[in-house]
Amino acid sequence: MFRNTDMQAQKSLLRSGILVLIMHARGMPDTKVNALGKSHSRKALNVHPRHYAHWLDALMETLDRHDPEFSPTLEMAWRNTLQPIIDKISGMYED
Ligand code: HEM
């Protein structure tokens, strides 16, 4: 499934993806989020909307494991911030 087998490249993809979400949450325009919706849609990478919950859970698990200051309050803040953007991306599945 992953065309990119290099760990460093995967890390860089993940980093830029999370950055898009954060920049968008901070008020950047829709352009990059729409591009992700398009690249992950059925006709392109074909990422079914059900996979995004796992993506978000994995991100929260990673924060919990690596950030000593992580807390249920912070988790809720992350989830509340990212969910609407994720809904937008996964909502473009059939476009
Ligand atoms: C909101 C969550 C996600 C973000 C921000 C994100 C971000 C990105 C970015 C920036 C790229 C590279 C550029 C592009 O192709 O558009 C990418 C590629 C990719 N994403 Fe996602 N992604 C997300 C969720 C997912 C999920 C849930 C899956 C599958 C379970 C997935 C599978 C892939 C695959 C297979 C690629 C291609 C990788 C490659 O070319 O090596 N993504 N993603």
Side-chain angles (χ1 to χ4, degrees):
M1 174 184 189
F2 289 99
R3 286 173 287 148
N4 214 323
T5 50
D6 180 61
M7 180 91 172
Q8 202 56 41
Q10 284 186 20
K11 191 173 161 187
S12 152
L13 283 182
L14 183 58
R15 189 187 178 87
S16 56
I18 294 170
L19 204 61
V20 168
L21 300 184
I22 293 173
M23 296 307 265
H24 185 77
R26 284 185 171 180
M28 287 266 290
D30 281 351
T31 329
K32 288 191 171 167
V33 168
N34 286 334
L36 279 181
K38 213 168 178 178
S39 71
H40 287 62
S41 70
R42 195 172 56 78
K43 282 186 225 147
L45 288 168
N46 192 14
V47 176
H48 193 273
R50 69 171 173 271
H51 295 309
Y52 289 86
H54 298 298
W55 188 98
L56 188 55
D57 287 345
L59 181 64
M60 294 305 103
E61 209 178 301
T62 304
L63 292 180
D64 187 28
R65 203 174 295 170
H66 297 285
D67 179 2
E69 292 177 35
F70 198 63
S71 67
T73 312
L74 268 184
E75 173 164 356
M76 214 189 299
W78 273 102
R79 286 184 180 277
N80 290 339
T81 304
L82 296 191
Q83 194 60 57
I85 314 172
I86 288 173
D87 290 345
K88 194 165 195 166
I89 293 169
S90 62
M92 288 176 68
Y93 183 64
E94 295 291 357
D95 284 5

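Sequence positions, counted from 1, serve as the residue numbers for this chain.
Of the possible polar contacts, one joining the Thr62 side chain to the Ala58 backbone as a donor-acceptor pair under 3.5 Å is found.
Contact check for Leu82 versus Ile18: no side-chain heavy atoms found under the 4.5 Å cut-off. For the pair Leu56 and Trp78, the minimum side-chain heavy-atom distance is 4.5 Å or more. For the pair Asp30 and His24, the minimum side-chain heavy-atom distance is below 4.5 Å. Counting only heavy atoms from C-beta outward, the side chains of Ile86 and Trp55 approach each other to under 4.5 Å.
Under a hydrophobic clustering in which Ile, Leu, Val, Met, Phe, Trp and Tyr are joined whenever their side-chain heavy atoms come within less than 4.5 Å, directly or via other members, Leu14 and Val33 fall into the same cluster. Side-chain heavy atoms closer than 4.5 Å link hydrophobic residues (I, L, V, M, F, W, Y) into clusters, and following such links, even through other members, never connects Met76 to Tyr52.
His40 and Tyr93 make their closest contact through O-CD1, 4.2 Å (heavy atoms, listed as atom of the first residue, atom of the second, distance). Heavy atoms only, all atoms of each residue included: Pro84 and Arg79 are closest at CD-O, 4.5 Å. Between Lys38 and Ala44, the shortest heavy-atom distance links the atoms O-CB, 3.5 Å. Between Pro49 and Ser90 the shortest heavy-atom distance is CG-O, 3.8 Å. Counting all heavy atoms, side chain and backbone alike, Ile85 lies closest to Leu21 at CD1-O, 3.4 Å.
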Test side-chain hydrogen bond (donor to acceptor under 3.5 Å, both in side chains) on Gln83 and Asp87 and set out the steps.
CA-CA 6 Å; Gln83 194 60 57; Asp87 290 345; 2.8 Å; yes

Run Phe70 and Met60 through side-chain contact (heavy atoms from CB on, under 4.5 Å) and show every step you take.
CA-CA 9 Å; Phe70 198 63; Met60 294 305 103; 4.2 Å; yes

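Looking at Met92, His48, Glu94 one by one, the single match for side-chain contact (heavy atoms from CB on, under 4.5 Å) with Arg42 turns out to be Glu94.
Taken from OG in Ser41 to CG in Leu36, the straight-line distance is 11.0 Å, to the nearest 0.5 Å. Note that CZ of Arg15 is 10.0 Å distant from CD of Gln8, once rounded to the nearest 0.5 Å. Rounding to the nearest 0.5 Å places CD of Glu75 at 10.0 Å from CG of Asn80.
In this structure, Lys11 does not pair ionically with Asp6, as no charged nitrogen and carboxylate oxygen lie closer than 4.0 Å. Ion pairing between a basic and an acidic side chain is recognised when a charged N comes within 4.0 Å of a carboxylate O; Lys43 and Asp95 show no such pairing.
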